[in-house]
Amino acid sequence: MFWDEKYETLPKKDLGRLQLKRLKKTLVQVQNVDFYRRLFKDAGIRPEDIKSLDDVRKLPFTRKQDLRNGYPFGFFAVPLTKVVRIHTTSGTTGKPTVVGYTKKDLRTWAGLIARNMTMVGLSDQDIFQNMVNYGMFTGGLGFHYGAELIGMTVIPSATGNTRRQIEMIQDFGVTVIHCTPSYALHLAEVAEEMDARLDSLKTGLFGAEPWSDSMRRELEDKLGVTAYDSYGLSELFGPGVAFECRERDGLHIWHDCYLVEIIDPATGEVLGEGERGEMVVTPLVKEAMPLIRYRTGDITMLYEDGCICGRGQKIARIMGRSDDMLVIRGINVFPSQIEHVLLEIPEVGNQFMVYVDRVNHLDEMTIDVEINRDFFSGELKDLARIQNKVVKALRDALELRTTVRLVEPGSLPRFEGKAKRVVDRRKDTL
Ligand code: DLL
């Protein structure tokens, strides 16, 4: 099942040729952006010096901070009259990053979402409930127009009012949902409280934040869906950059539109297939806001093998962002690893919070996790046993001693969009 079979299955040689052609065009386009004109000049590079795909390595990186410095429209390569939509990233600190789209960009973007949804077997027969924020976040409108392009029946329910969301799924016979995995967990929890059956559901599209395979099993079990991982970032249109196919073993990234490199985040050195590092992407088809060697901050690797579905080289599921990685007493920990451990332990729930402090110059990690009442007799010795079990499982997986606090079911925060499960308080104590 293909949306754009020719481009999704291009043989390697043809793909390389197309990528180079599109890269050259992009290099010309970015000359409309002051930042790039200066960057190329300072590096002593002219667009015509790039003669092969490997030559891209001669070009400097673009970082998120560069985009912030260009606030608001400094990275637009077309006049504002050609920009028909603006989105921004959430920007937890300082100004958000602004992204712009031409009419053609919006068509290209919708086409990429259509590829993804068709790849997992969705069609105009499906009823699609889009349970993400429809504002500046790219997840709402991005998926909306892709789904409409395929001809799906789209319910733009956005976030909030979980009980109403569940009623809509039931009343409209929804077959496909899209939301963050954190919200999907909450949805499952509320459906359980309501004793609501979600029999019409068959597919769950989840993304916008890291989530583990244990979380996948949990969501599939509770919601009765097949769950697919969806990856993207605003700077590269939004969702639709990479997506799992039915194999659900790695994500297809659309190589005709995105030139991918994996680098060592510390040295900038380009790594080989099968080596984990930061993904750097040069989008090849963006008009309003082309970028060169954009450092996504996301940690993944390129798979060596192709895929039996016939599409191109895949990337591994994103482990997290390099800036989400916690370094606790010299050991690297991604929140997704903690999630994986906790979900394997039936005595505790699937919600957790991580607090990191510095006590007497030592990093201390405390994890709050909800107890599962079905496994708790009410006796203190029971609590101690469960607590020890969690501490041991975390120590085995992370090679790190942690403090675990068991808390009441339902007492930890739930999230409608991206979850914020880590509170690093070390900076406060410096
Ligand atoms: O999260 C776009 C999106 C919307 C993707 C809906 C998928 C579904 P931003 O808000 O700019 O855009 O955040 C992008 O989120 O750099 C990753 O760190 C993280 N991220 C996105 N998808 C995944 C995923 C949207 N499937 C940032 N797995 C990215 C892990 C993800 N991390």
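Atoms within a ligand are numbered from 1 in the order they appear, just like the ligands themselves. Numbers for residues simply follow the sequence, beginning at 1. What you see is a predicted model, and the numbers here were worked out from it, not measured in a lab.
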Residues [X] and [Y] bridged, charged N to O under 4.0 Å:
X: E209; Y: K418; result: no
X: D126; Y: K202; result: yes
X: E339; Y: R421; result: no

For atom CD1 of I308, decide whether the heavy atoms of other residues, nucleotides or ligands shown that lie under 6.0 angstrom number more than 12.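 At most 12 heavy atoms, drawn from other residues, nucleotides or ligands, come within 6.0 Å of this atom.
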Can you confirm whether more than 12 heavy atoms, excluding those of K64, are under 6.0 Å from its NZ atom?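 Yes.
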Nearest non-hydrogen contact with [atom] belongs to which option: [options]?
atom: atom 4 (C) of ligand 1; options: W211, F137, Y231; answer: F137
atom: atom 8 (C) of ligand 1; options: S322, S336, S230, G139; answer: S230
atom: atom 22 (N) of ligand 1; options: P210, G297, A208; answer: A208

With a 4.0 Å cut-off on heavy atoms, is M319 touching ligand 1? no
For ligand 1, note which part of [X] has a heavy atom under 4.0 Å away: side chain, backbone, both or neither.
X: H178; result: side chain
X: D298; result: side chain
X: F206; result: neither

Heavy atom of the protein closest to [atom] (residue, atom name, distance):
atom: atom 28 (N) of ligand 1; value: E209 O, 3.3 Å
atom: atom 13 (O) of ligand 1; value: K418 NZ, 2.9 Å
atom: atom 5 (C) of ligand 1; value: G232 N, 3.6 Å
atom: atom 11 (O) of ligand 1; value: S234 OG, 2.5 Å

Side-chain donor or acceptor of Q170 paired with backbone N/O of R197 under 3.5 Å: yes
Between K420 and F415, is NZ or CZ placed under 6.0 angstrom from the six-membered ring centre and within 45° of the ring axis? no
For ligand 1, which atoms, with element, lie under 4.0 Å from some heavy atom of P239?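 So the atoms of ligand 1 that pass are 2 (C), 3 (C), 4 (C), 5 (C), 6 (C), 7 (C), 8 (C).
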Distance check, rounded to the nearest 0.5 Å: L67 atom CG versus T88 atom OG1?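 Those atoms lie 12.5 Å apart.
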